Amino acid sequence: MNKLLSCRYNMDTNRVEARFEDGTTLAIDCIAVEDEYGNTPAQQAELDWLLYNKPLEYAQLVLGEEIEHYLSLGCDHGRLED
């Protein structure tokens, strides 16, 4: 796979738009990812946190098929503080 150069979350289409070194682009459907992997409120919150704060890492996890493992680690970026 070509090197992933940049990503941005497009709120209007609910997609992460990725651009690769060879000029190709790819749009990741975030609804499909959430339907597949956002099984709990905590996982949904983590996916949302990644979208807004680290879209490049989000794309790398999805494209590298590591999103399920990442979510299984119990990350709590999306958790609301009291």
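For the single chain, residues carry numbers from 1 onward in sequence order. Computed from a predicted structure; not experimentally measured.
Residue D22 holds its CG atom at 9.5 Å from OG1 of T25, rounded to the nearest 0.5 Å. Note that the CD atom of Q44 and the CG atom of D35 stand 9.0 Å from one another [nearest 0.5 Å].
Cluster annotation: Y52 is connected to V33 through the hydrophobic network of ILVMFWY side chains, with a link wherever side-chain heavy atoms come within less than 4.5 Å.
Considering every non-hydrogen atom in both Y58 and V16, the closest pair reads CD2-CG2, 3.6 Å. What you find for D48 and E34 is that their closest heavy atoms are OD1-OE1, 3.7 Å.
The side-chain heavy atoms of L61 and Y37, taken from C-beta on, include no pair separated by under 4.5 Å. Contact annotation: the side chain of D29 approaches that of R15 to within less than 4.5 Å [non-hydrogen atoms, C-beta and beyond]. In this structure, the side chains of L47 and L71 come closer than 4.5 Å at one or more pairs of heavy atoms.
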For residues 6-14, which side-chain N or O atoms pair as donor and acceptor with protein atoms under 3.5 Å away, sequence neighbours left out?
from: R8; atom 1: NE; to: E17; atom 2: OE1; distance (Å): 3.2
from: R8; atom 1: NH2; to: E17; atom 2: OE1; distance (Å): 3.1
from: Y9; atom 1: OH; to: N14; atom 2: OD1; distance (Å): 2.5
from: N10; atom 1: OD1; to: D12; atom 2: N; distance (Å): 2.9
from: N10; atom 1: OD1; to: T13; atom 2: N; distance (Å): 3.3
from: N10; atom 1: ND2; to: E17; atom 2: OE2; distance (Å): 2.9

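Screening E46, Q60, Q43 for a side-chain hydrogen bond (donor to acceptor under 3.5 Å, both in side chains) with Y70, the sole residue that qualifies is E46.
A 6.0 Å sphere centred on CD of E68 holds no more than 12 heavy atoms belonging to other residues, nucleotides or ligands.
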